[in-house]
Amino acid sequence: MTTIPKNLNWFDIGMDAWALAVESNMVIAMRIGSLAQGGPAAVQEAGRMVTEKVAANLTLGCDLMNGKLGNSPEAIVSSSIAHYSKSVVANRKRLGGTHTAPMP
């Protein structure tokens, strides 16, 4: 999971963004598989997906307006990546079971 380093630099932020993109794609692939199967579980997953996205975006927007993400562009971007990483990691673990290896 992404954490906010003391020395923020754009290279590390870029690497965190890359890791989030990779892990997000893993979650998308797992979700597509479960949605393709159809049935009540697919309907529940689709609803959960939309609800989680709306909640994550609202929370991030409120945190941004309240100054909780930091006061520099680097801190804001890094905090945003960390915010979304929490949800993505939780979904990867939930969808992939307990045998999924963590991202570096």
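The figures that follow rest on heavy atoms only: side chains count, while hydrogens, waters and symmetry mates do not.
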Check: Between Ser78 and Ala75, is there a donor-acceptor pair closer than 3.5 Å when you use the side chain of the first and the backbone of the second?
Finding: no

Check: Could you give the distance from CG (Leu64) to CG (Leu60), rounded to the nearest 0.5 Å?
Finding: 6.5 Å

Next item on the list: Please report the shortest heavy-atom distance between Ile13 and Val77, naming the atom on each side.
Entry: CG2-CG1, 3.5 Å

Check: Which atoms form the tightest heavy-atom contact between His83 and Ala56, and what is the distance?
Finding: NE2-O, 2.9 Å

Check: NZ of Lys68 to OG1 of Thr59: how many Å apart, nearest 0.5 Å?
Finding: 9.5 Å

Next item on the list: Please report the shortest heavy-atom distance between Gly70 and Ile76, naming the atom on each side.
Entry: O-CG1, 3.8 Å

Notebook entry, point to check: Roughly how far, to the nearest 0.5 Å, is OH of Tyr84 from CG of Asn57?
Noted result: 3.5 Å

Item checked: Separation of Ser85 OG from Asp16 CG (nearest 0.5 Å) -> 7.0 Å

Note to self: More than 12 heavy atoms of other residues, nucleotides or ligands under 6.0 Å from CD of Gln44: yes or no?
What the structure shows: no

Margin query: Please check if the number of heavy atoms outside Asn66 that lie under 6.0 Å from its CG is greater than 12.
Written below: yes

Checklist line | Shortest non-hydrogen separation from Leu69 to Ser79 and the atoms involved | finding: O-OG, 2.8 Å

Next item on the list: Drop me the distance from Asn91's CG to Met49's CE, to the nearest 0.5 angstrom.
Entry: 10.0 Å

Notebook entry, point to check: So which heavy atom on Val88 is nearest to which on Val27, and how close?
Noted result: O-CG2, 3.6 Å

Next item on the list: Measure from the side-chain N and O atoms of Asn9 to the backbone N and O of Phe11, and report whether any donor-acceptor pair falls under 3.5 Å.
Entry: yes

Item checked: Rounded distance (nearest 0.5 Å) linking atom CD of Glu45 with atom CZ of Arg94 -> 4.5 Å

Check: Are Leu20 and Ile28 joined in one hydrophobic group, where the rule is that I, L, V, M, F, W and Y side chains link up if heavy atoms are under 4.5 Å apart?
Finding: no

